[in-house]
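Okay, so here's the structure we're looking at.
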Amino acid sequence: MEGEAAIEFVGIHKSFRGQKVLDGVDLRIPKGKTTVIIGRSGGGKSVLLKHLVGLLKPDAGEVLIGGQNIVGLDERQLLPVRRRFGMLFQGAALFDSMTVHENVAFAFRRDTTLSAAEITEKVTDVLEMVELPGIQHKRPSELSGGMRKRVGLARAIIYKPEIVLYDEPTTGLDPVVSDSIDKLILRVRDRLDVTSVVVTHDMRSARRLGQRVMLLHERKVYAVGTAEEIFNSQDPVIRRFIEGVSDAKENDF
């Protein structure tokens with residue numbers, strides 16, 4: 001049994017300018033687990049993430065967050081839904097004009113219930129969690145790529161969301177730094193008891209992180225299983241993808 005679902009996609013269809021991107025996607029993401037979504041570039045993975053926080057609405061289907069269908073909610077109604085999420089963007093998406101402290105504390109910019117001292121304490125604690133103590137006054141331009149990812153993660157988890165979304169968290173990083181980011185994602189999941197959804201092209205990362213791995217192929221969920229089941233599968237579509245082998249017979253290759 002997978003336990004309670006944090007997120008469910010039910011019959012999701014999405015097209016852009018007549019081009020079908022998602023064609024009846026059904027997916028159940030269990031609470032407190034790490035689900036890794038893999039698939040070809042342009043295959044709809046990031047489109048799925050945007051549906052989770054209401055940045056995109058499906059042409060048909062339901063997006064259930066904790067059992068609530070968020071399709072049809074307006075921007076005001078989506079606010080409490082979005083507070084349940086933290087997101088680490090592909091390039092960390094830090095504000096270059098701000099210090100690390102200001103970037104990490106950005107979520108509290110309109111929160112009048114916390115004093116400056118309380119916000120500083122939260123920033124200090126979360127930077128220690130991502131193993132970057134004492135860098136509050138640095139600018140993003142002074143940080144390495146791996147450090148920027150860690151700051152982005154600190155910003156995503158500072159208000160302790162229920163669900164953390166990762167969009168290509170190891171892109172542009174060398175294997176050693178990628179390994180450290182993966183370990184950090186696992187530590188955050190276990191310490192904060194969050195549900196994690198990771199979109200990645202990094203097969204080493206997918207194998208390390210994925211308690212469940214989902215392959216999106218030809219606009220549908222092609223396969224779902226444990227990392228062991230997916231990476232040991234002899235299905236030719238799965239093998240071609242994880243081994244990085246093209247098939248000239250397929251139109252989308």
Quiz item: Would Ile38 and Leu216 count as a side chain to side chain contact (heavy atoms under 4.5 Å, CB included) if you check the C-alpha gap in whole Å, the side-chain angles of each, and the deciding distance to 0.1 Å?
Solution: CA-CA 6 Å; Ile38 60 176; Leu216 197 63; over 6 Å; no
Self-check item: Donor-acceptor pair, side chain of Lys45 and main chain of Gly39, under 3.5 angstrom
Solution: yes
Self-check item: Non-hydrogen side-chain atoms of Pro236 and Arg239 separated by less than 4.5 Å
Solution: no
Quiz item: Can you list the steps and then say if Arg148 with Glu142 is a salt bridge (Lys or Arg N to Asp or Glu O under 4.0 Å)?
Solution: CA-CA 9 Å; Arg148 289 171 65 93; Glu142 301 176 79; over 6 Å; no
Quiz item: Do any N or O atoms from the side chain of Thr195 and from the backbone of Gly32 form a donor-acceptor pair under 3.5 angstrom?
Solution: yes
Quiz item: Run the side chain to side chain contact (heavy atoms under 4.5 Å, CB included) check on Ile185 and Leu209 step by step: do they pass?
Solution: CA-CA 8 Å; Ile185 291 171; Leu209 295 175; 4.0 Å; yes
Self-check item: Residue among Ile157, Val164, Ile163 satisfying side-chain contact (heavy atoms from CB on, under 4.5 Å) with Val194
Solution: Val164
Practice problem: Check whether any side-chain heavy atom of Thr226 sits under 4.5 Å from a side-chain heavy atom of Val213, and report yes or no. | Solution: no
Self-check item: Interatomic distance, Met129 atom CE to Arg191 atom CZ [nearest 0.5 angstrom]
Solution: 4.0 Å
Quiz item: Between the main-chain N or O of His13 and the side-chain N or O of Arg219, is there a donor-acceptor pair closer than 3.5 Å?
Solution: no
Quiz item: Would Lys220 count as a cation-pi partner of Tyr222, with NZ or CZ less than 6.0 Å from the six-membered ring centre and within 45° of the ring normal?
Solution: no
Quiz prompt | Option from Asp182, Thr200, Thr171 for which side chain to side chain donor-acceptor pair (under 3.5 Å) with Ser205 holds | solution = Asp182
Quiz item: Would you say Leu22 and His51 make side-chain contact, with heavy atoms under 4.5 Å?
Solution: yes
Self-check item: For Pro140 against Met98, the heavy-atom pair lying closest together
Solution: CD-O, 3.1 Å
Self-check item: Thr35 to Pro30 - nearest heavy-atom pair and separation
Solution: OG1-CD, 3.9 Å
Quiz item: Are Ser180 and Arg150 close enough that a side-chain donor and a side-chain acceptor fall under 3.5 Å?
Solution: yes
Self-check item: Residue pair Gly86 / Tyr159: nearest heavy atoms and the distance that separates them
Solution: CA-OH, 3.6 Å
Quiz item: Would you say Thr170's side chain and Leu173's backbone share a donor-acceptor pair under 3.5 angstrom?
Solution: no
Quiz item: Would you say the side-chain atoms of Gln136 pair up with the backbone N or O of Thr124, donor to acceptor, closer than 3.5 Å?
Solution: no
Quiz prompt | Side-chain touch Phe9/Arg28, heavy atoms, less than 4.5 angstrom | solution = no
Quiz item: Passes salt bridge (Lys or Arg N to Asp or Glu O under 4.0 Å), Asp179 versus Lys183? Steps please.
Solution: CA-CA 6 Å; Asp179 181 69; Lys183 289 176 179 175; 3.1 Å; yes
Exercise. May I ask you to test the Arg212-Val224 pair for a side-chain heavy-atom distance under 4.5 Å?
Key: yes
Exercise. Check for a donor-acceptor pair, side chain of Glu118 on one end and backbone N or O of Ser115 on the other, with a separation under 3.5 Å.
Key: yes
Quiz item: Is the closest side-chain heavy-atom distance between Phe85 and Ile65 below 4.5 Å?
Solution: yes
Self-check item: Step-by-step side chain to side chain contact (heavy atoms under 4.5 Å, CB included) determination, Asp202 to Ser178
Solution: CA-CA 9 Å; Asp202 184 337; Ser178 294; 4.3 Å; yes
Quiz item: Taking Lys57 for the side chain and Leu73 for the main chain, is one N or O donor matched with an acceptor at less than 3.5 Å?
Solution: yes
Quiz item: Is the NZ atom of Lys50 crowded by more than 12 outside heavy atoms at less than 6.0 Å?
Solution: no
Quiz item: Counting only N and O atoms by type, is there a donor-acceptor contact under 3.5 Å from the side chain of Arg139 to the main-chain atoms of Ser97?
Solution: yes
Quiz item: Is it true that atom CD of Glu228 has more than 12 heavy atoms of other residues, nucleotides or ligands lying nearer than 6.0 Å?
Solution: no
Self-check item: Short N-O contact, Arg155 and Glu102, less than 4.0 angstrom
Solution: no
Exercise. Look only at the side chain of Glu243 and the backbone of Phe241, and say whether a donor-acceptor pair between them is shorter than 3.5 Å.
Key: no
Quiz item: With a 4.5 Å heavy-atom cut-off, do Val104 and Leu127 have their side chains touching?
Solution: yes
Quiz item: Is Lys122 atom NZ crowded by more than 12 heavy atoms from other residues, nucleotides or ligands, each under 6.0 Å away?
Solution: no
Quiz item: Should Glu131 and Arg187 be marked as a salt bridge (Lys or Arg N to Asp or Glu O under 4.0 Å) after you check the CA-CA gap, both sets of side-chain angles, and the distance that decides it?
Solution: CA-CA 11 Å; Glu131 301 177 337; Arg187 188 181 312 128; 3.3 Å; yes
Practice problem: Flag the pair Val151 / Leu132 as yes when at least one side-chain heavy-atom distance between them is below 4.5 Å, and no otherwise. | Solution: yes
Practice problem: For Thr34 and Arg189, test the side chains for any donor-to-acceptor distance below 3.5 angstrom and give the result as yes or no. | Solution: yes
Exercise. Identify the two heavy atoms, one from Ala206 and one from Val36, that lie closest to each other, and give their separation to 0.1 Å.
Key: CB-CG1, 3.8 Å
